[in-house]
S.K.: 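Sharing a structure below in structure tokens format, with a few things to ask.
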Amino acid sequence: MEKNTKLMLGNEAVARGLFEAGCGFVSSYPGTPSTEITEFAAKYDEIYAEWAPNEKVSAEAAHGAAVAGVRAFCGMKHVGLNVAADLFFTAAYTGVNAGFVAAVADDPGMHSSQNEQDSRHYARAAKLPMLEPADSAECKSYTVAAFELSEQFDTPVLLRLTTRIAHSQSVTPLDERKNIPKPEYVKDPAKYVMMPANARGRHDIVEDRLLNLKEYSETCSLNYTEYNTARIGIISSGIAYQYAREIFGKSVSYLKLGMVWPLPDKLLLEFASKVERVIVVEELDDIIESYCRSLGIKCEGKNLLPLTGEYSQEILAERLKGRKYEFKGVNEPVPPRPPVLCPGCPHRGIFYVLRKLKLFVSGDIGCYTLGALPPLLAMDTTLCMGASVSGLHGKVKAIPQEASSSIAVIGDSTFIHSGLTGLAGIAYNRSNANILILDNSITGMTGHQHNPTTGYTLKGEETRIIELESLCRALGIDSVSVVDPYDIAQCESVIKAELAKDCPSVIIARRPCVLLKSVKKENPYKTDPAHCKGCKACMAAGCPALSFGDKKAAIDSVLCTGCGICARLCKFGAITKKDQL
Amino acid sequence: MNSKSIMIVGVGGQGTLLAGRIIGNAALAAGYDVKVSEVHGMSQRGGSVVTYVKYGESISSPVICRGEADIILAFEQMEALRWSPYLKNDGLLITSNQMINPMPVITGAAHYNENIIEKLTATGIRIETLDAAGIAQAVGNDKASNIAIIGALAGHIENDGITREILTDTITAYLPQKHLKTNLEAFEMAQCR
């Protein structure tokens, strides 16, 4: 192995590519599996990096920086691109000045997402070039190539990752940072002011550019062929290519596409003409396959392989080679181990109360979505960031008599991301909706990123805190209260009181995530078998530190953080703090 | 050498990610092409987690499928059982004897499988157990059980050129100074168990 190499996550390699490409500006909103790109980018002093309130803001900021003359980047997960899409469809028209690259990480198999949409559709719809790396080394080199392409063709460039690329480590060669001369910004309203008269002219330029990009894709080194045999030819890209490589090795020929939009007509036709059987291997949708068909190429793909879920070499071996896995092991069911709210999680008490009150709960995206699982089961809907607030508004306007039995839950970061606008709509339209902001003072699920309510920037600098109470009042909500989610009696009485009022309200349940280093753990609790009646009231909290055996509850003192929720649920005083016994 | 596939399975929060990174980087230091695949995000919250480490002359897929693992390192017994179909016929299962109840068992909706080690042994699987949590406790660092499990692995990858020295160097590079001593003790203890 060469000396200057490193085992890198795909995301870290994209960040390294940003560094080497001379990128100077990074703005993103965290989202699994894209988050680490921006965290690693922030480690380079040469790159200004920030968390934006949402993906649309991040993309607009990055485009602004690029037009000003600095190479700029934003990274997001697939559903984040839905939020940011508005910018991209028109940035395709304005083009860039310095390079502008956006990474979008799809999540086939939904390891940590609410859907498994295929972002390649956006490249086609917005008429933007898209590159797709197949390992970390390519993550780095394609990021550098994307900036060059962006400037050469005056266009934003999309870099598509998938979970297995973003979160796999492979060997990546390291190079130096390039010194990129800053292009001058030249005032050019016909290019940058997209009003109808100007945009009409720019649309023609977009179509011409796409033809030029297609011409480029025919011969560029991002797409390459490997002819091993004329019997089978595999057309593939990204991680799917690695799975094909794993099972077929050199027994088939390959057309490996690094540029997945626009696609190279001549190269595809030439490859297809040289092999007897063409199989397109692509995760999620049949974008390459249907494109091949449109060129008249007779090919296979989704007739053999699934449209849903994550691929693997096992799926390919089974579907393409007829290889069957033979099971030899212990043949008994193993209970699932679903993710759970952590011991001491401040969300637990709230969901206990919401379930107890039998409320309709309009949910949102974050750790607290786990409140939907047993035994808490305290969530009715979850769709996309912010939908808890606006969805509840729709419900209570449609059926006003259900306002007093319905509530929305949304995290602090998600609220800033896209709950704000929904809340403005509630105040403006005189809605009677009640919103619970679960303020754990961090963006939790993606691994503790700061946001405008935490007081720190991505680079760790102190900054002003947006205070949720004042913000909600400014948005027109008069009834704003704050509760401690560990105090379930207080939570219950405040929620009941707010639901009874004939006006919209915001209840902020405030307590920092128990996993934060700054949070001091309390002494653990323990059960007293003499007092435990085995009623299982404590088990309703769904805490992983609690267990039940021999008709008594028990607490794992290593896992227990001393939050005391279970002690509050025990009517017999059988749960006490360790130092109290 | 054919490429080697090592799976690290456990419960979110047990330190499987770090173990995967250490083994992967040790394999890199030994001169191999390496791929390590991890799970981040929602599944990490106390869920069943798996990390794949593969090394050899040239690695394509970063994942390991059923029947492909040369070695499975299990941090928890039920996870050892869950992932055992991923082992090759002649593969080796190294498992900690720790047991952690998943939520369906906690709520009473399911039962924790009984006599897991005995049942796995009865199928003819090569199996080694260790008390990783006990070792961690003995060295005075509850979080050292992942390094103890790497200690149990050490003798089985030495022939691939991933020496104990490379492993301890990598552990030294990846752990904070203040926890290094206890972790290296756990590494040693697991080897002489």
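Every chain is numbered from 1 and lettered A, B, ... according to where its sequence line falls, protein lines coming before strand lines.
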S.K.: Do A:Leu9 and B:Glu38 have side chains that approach each other closer than 4.5 Å (heavy atoms only, starting at C-beta)?
M.R.: yes

S.K.: Among B:Ile116, B:Leu87, B:Asn89, which residue forms the greatest number of heavy-atom pairs with chain A at distances under 4.5 Å?
M.R.: B:Asn89

S.K.: Which heavy atom of A:Tyr325 sits nearest to which heavy atom of B:Pro85, and what is that distance?
M.R.: OH-O, 2.5 Å

S.K.: So do B:Val39 and A:His167 actually touch side chain to side chain, heavy atoms under 4.5 Å?
M.R.: no

S.K.: Should A:Arg245 and B:Ser61 count as side-chain neighbours, where that means a heavy-atom distance under 4.5 Å?
M.R.: no

S.K.: Taking atom OG1 of B:Thr107 and atom NZ of A:Lys536, what is their separation to the nearest 0.5 Å?
M.R.: 8.5 Å

S.K.: Would you mind checking which part of A:Pro338 comes under 4.5 Å of any heavy atom in chain B, side chain (CB onward), backbone (N, CA, C, O), both or neither?
M.R.: both

S.K.: Over all heavy atoms of both residues, which pair between A:Glu314 and B:Cys65 is shortest? Give the atoms and the distance, please.
M.R.: OE1-CB, 3.3 Å

S.K.: Testing the basics here: between A:Val340 and B:Met103, what is the closest heavy-atom pair and its distance to 0.1 Å?
M.R.: CG1-CB, 3.7 Å

S.K.: For the residue pair A:Ser312 and B:Val63, what are the closest heavy atoms and their distance?
M.R.: CB-CG2, 4.3 Å

S.K.: Is there a side-chain contact between A:Pro335 and B:Asn113 in this structure, where contact means two heavy atoms from C-beta onward sitting under 4.5 Å apart?
M.R.: yes

S.K.: Taking all non-hydrogen atoms of both residues into account, name the closest pair between B:Thr123 and A:Gly329 and its distance.
M.R.: CG2-C, 3.8 Å

S.K.: For B:Lys181, does the NZ atom have more than 12 heavy-atom neighbours from other residues, nucleotides or ligands under 6.0 Å away?
M.R.: no

S.K.: Are there more than 12 heavy atoms of other residues, nucleotides or ligands under 6.0 Å from atom NZ of B:Lys143?
M.R.: no

S.K.: Chain A: which of B:Ser84, B:Ser37, B:Gly67 shares the most heavy-atom pairs with it under 4.5 Å?
M.R.: B:Ser37

S.K.: Is B:Glu118 close to chain A through its backbone or its side chain, or both, or neither, when contacts mean heavy atoms under 4.5 Å?
M.R.: neither

S.K.: Taking B:Glu79's backbone N and O only, do any of them form a donor-acceptor pair with A:Arg337's side chain (distance below 3.5 Å, no angle check)?
M.R.: no

S.K.: Between the main-chain N or O of B:Ile59 and the side-chain N or O of A:Gln242, is there a donor-acceptor pair closer than 3.5 Å?
M.R.: no

S.K.: At a 4.5 Å cut-off on heavy atoms, which part of A:Leu515 comes close to chain B: side chain, backbone, both, or neither?
M.R.: side chain

S.K.: Can you see which heavy atom on B:Met78 is nearest to which on A:Val334, and at what distance?
M.R.: CG-CG1, 3.4 Å

S.K.: Taking the side chain as every heavy atom from C-beta outward, state whether B:Val34 and A:Gln169 have any atom pair closer than 4.5 Å.
M.R.: no

S.K.: I'd like to verify something: which residue of A:Gly542, A:Gly444, A:Pro336 has the highest number of heavy-atom pairs under 4.5 Å with chain B?
M.R.: A:Pro336

S.K.: For A:Pro333, is it the side chain, the backbone, both, or neither that has a heavy atom closer than 4.5 Å to a heavy atom of chain B?
M.R.: backbone

S.K.: Kindly check if the number of other-residue, nucleotide or ligand heavy atoms within 6.0 Å of CD (A:Glu332) is above 12?
M.R.: yes

S.K.: Are the side chains of A:Ser170 and B:Pro62 in contact, using a 4.5 Å heavy-atom criterion?
M.R.: no

S.K.: Where does B:Ile106 contact chain A at under 4.5 Å (heavy atoms): side chain, backbone, both or neither?
M.R.: both

S.K.: By a 4.5 Å heavy-atom criterion (distance strictly below it), what part of A:Glu36 contacts chain B: side chain, backbone, both, or neither?
M.R.: side chain

S.K.: So which of B:Glu68, B:Lys54, B:Arg82 has the largest heavy-atom pair count under 4.5 angstrom toward chain A?
M.R.: B:Arg82

S.K.: Below 4.5 Å from any heavy atom of chain B, which atoms of A:Asp556 appear? Answer side chain, backbone, both or neither.
M.R.: neither

S.K.: Could you tell me which portion of A:Cys345 (side chain, backbone, both or neither) has an atom closer than 4.5 angstrom to a non-hydrogen atom of chain B?
M.R.: neither

S.K.: Examine whether an atom of A:Ile239 lies under 4.5 Å from a heavy atom of chain B, and if so say whether it belongs to the side chain, the backbone or both; otherwise answer neither.
M.R.: side chain

